[in-house]
There are 2 protein chains.
Amino acid sequence: MTDSMNFQTKCHACPLRQKNVFRPFEDKELDFVTKFKTGELQVEAGSTIILEDNKTPHIYTLLKGWAFRHTSLADGRRQVLNFALPGDLLGLQLAVLNEMQHTVTALTDTTLCVFQKDKVWSVFKDYPGLAFSMTWMASREEQLIDGHLLSVGHRNAQERLAYLLLHLHDRAEIVGYAQNQSFDAPFTQAHLSDALGITPVHTNRTIRTLQSENYFSWKQNRIRILDREGLEDLAAYERDVKTLRPLI
Amino acid sequence: MTDSMNFQTKCHACPLRQKNVFRPFEDKELDFVTKFKTGELQVEAGSTIILEDNKTPHIYTLLKGWAFRHTSLADGRRQVLNFALPGDLLGLQLAVLNEMQHTVTALTDTTLCVFQKDKVWSVFKDYPGLAFSMTWMASREEQLIDGHLLSVGHRNAQERLAYLLLHLHDRAEIVGYAQNQSFDAPFTQAHLSDALGITPVHTNRTIRTLQSENYFSWKQNRIRILDREGLEDLAAYERDVKTLRPLI
DNA sequence: CGTCTGATTGAGGCTACTCAAACGCGGTGG
DNA sequence: CCACCGCGTTTGAGTAGCCTCAATCAGACG
């Protein structure tokens, strides 16, 4: 373990902090986070990070790569709840509610910062700024899910796809995963389909339609937004004002 | 205002605490909450409690009555995100993210405890237990939305209705709003329809079908679960283990 | 008794679903 | 080098669940 510690990303040099998307830390907060972080975990594409109902003692921050949160009905129908990108906190429900009702799976090879969930209490006790950050992230996530619920509940297939594409692009862009209106898509049409609540077949047809109308392209795992305005109109989407997010 | 203060519910005598659903408070926490609470608000059925984009300086706890959270697309299609019952925190996103992306509207005449949102920081600074409670509530709400998203994304009309009925019943029961497998339904079919992501017409047909098959009844604004097991099977629903919730 | 809101029912149509087959492509092994 | 996977994508054909439009009904209220 000491060995792996040497290869560990130092919080003071956290690559996420270089990007100008996180609020500034106080020194003592950073010192604490460094102690709070008990290690780093590599999970390869397709593997489970946190399993529903499975109580691990850890929570994670996604440092590198993509993941997704999902639940299923008993008969196997799967809902993708949201995608996770660097900076996202995974397993907060486990720490706070002591229960996970969804699974988190890696889409790409990922790197995770590992924290002991039983130390979350000491965060609240001694580092109110960090505690606030955690709450910020929880609220933010809820806001995103609210958006998806609106989408799945009331948009048609084309609108849903347009919305999701813009959503993914914009989130990828914030963490430096998009350049030039395009980003690497580490998911399959089946993932999109389960996120949108549309069958794979119909998802495919919808994708083809929007592509043929030059709204976007998807070649070699790379998605490019070609007609942002058109997609925004389709989806009635408004880009969030970028707010500096906290990081833990 | 001094006048209304006299009619205010005392936190020490908070009726919600009488019901054995909230975690115990420490005395000093209770003292603080008493100070934190700046007043009480009555909102009548149908009125807006918090308006999307509208930055009020307050957040609320629902003390009495029903409310619902909702957003809409530009063309008016409305998604009911969730229903709120006593003990639920309203406006946390406002306090934490400084932005509300949904509206909260009263379904019945409601009583709300009013808190200054700019004091939320002092909660985090000085009352970690309460801060944790707020985060607990945020996480819990997210968990509920996740459940709805699964429902709207992957259940058919009958399954969605079954799920929502059980969900509402169980939540109502926890706060003492249900007796004998039945509860007062302060909403219309249109509300359900917007929550389920199904048109009012089809919602009506689905309701009639499930009623005619004796799954439940809905007479004089009162919903009664007649065949709980049947509904659970339909919806693949599992009742949550009751956990003591925090209260703020 | 007229009006309003919400619930209900009918008829017809379209979106999205199901079933099924074929295609493209990277990987593997003979 | 090529045949043979296996996974993900694509396309076709027929169907059904849910939608739209529209009218009627029931109850509350002034």
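Just so we're on the same page: letters track the sequence lines, and every chain starts at 1. Any value given below was found using the heavy atoms of this structure, including those in side chains, with hydrogens, waters and symmetry copies removed. Owing to the predicted nature of the structure, the values given are computational and were not obtained by experimental measurement.
In this structure, B:S139 and A:Q93 approach most closely via the heavy-atom pair O-NE2, 4.0 Å.
Residues from residues 149-165 of chain A lying near DNA chain C, meaning a heavy-atom separation below 4.0 Å, are A:N156, A:A157 in numerical order.
Note on A:I198: only backbone sugar-phosphate atoms sit closer than 4.0 angstrom, heavy atoms only; bases stay farther off. Residue contacts shown for B:R208 are limited to sugar-phosphate atoms, with no base heavy atom under 4.0 Å away.
Using modelled atom types and a 3.5 Å distance limit, the side chains of B:T9 and B:E40 yield a donor-acceptor pair.
As rounded to whole Å, 12 Å separates atom P of D:dT10 from atom CG of A:L192. Here C:dG24 presents its C1' atom at 14 Å from CG of A:N221, a figure rounded to the nearest Å. To the nearest angstrom, C1' of C:dA7 lies 15 Å from CD of B:Q220. The interatomic distance linking A:D194 (CG) with C:dA16 (P) rounds to 16 Å, in whole Å.
Between A:H148 and A:H167, the ring center distance clears the sub-6.0 Å criterion.
Evaluated for a side-chain contact (heavy atoms from CB on, under 4.5 Å) with A:L166, the options A:L231, A:L234, A:L161 yield exactly one hit, A:L231.
For C:dG10, the base has a donor-acceptor partner in the side chain of B:R205 [N/O atoms by modelled type, under 3.5 angstrom].
The shortest distance between the side-chain N/O atoms of A:T199 and the OP1/OP2 oxygens of C:dC17 is below 4.0 Å.
Of the candidates C:dT18, C:dA7, D:dT11, the closest approach to any side-chain atom of A:N204 belongs to D:dT11. Nearest nucleotide to the A:H202 side chain, out of C:dA16, D:dC19, C:dT8: C:dA16.
Residue A:Q179 places its CD atom among more than 12 non-hydrogen atoms of other residues, nucleotides or ligands, all under 6.0 Å distant.
Electrostatic pairing of A:R69 and A:E141 counts as a salt bridge here, judged by a charged N lying under 4.0 Å from a carboxylate O.
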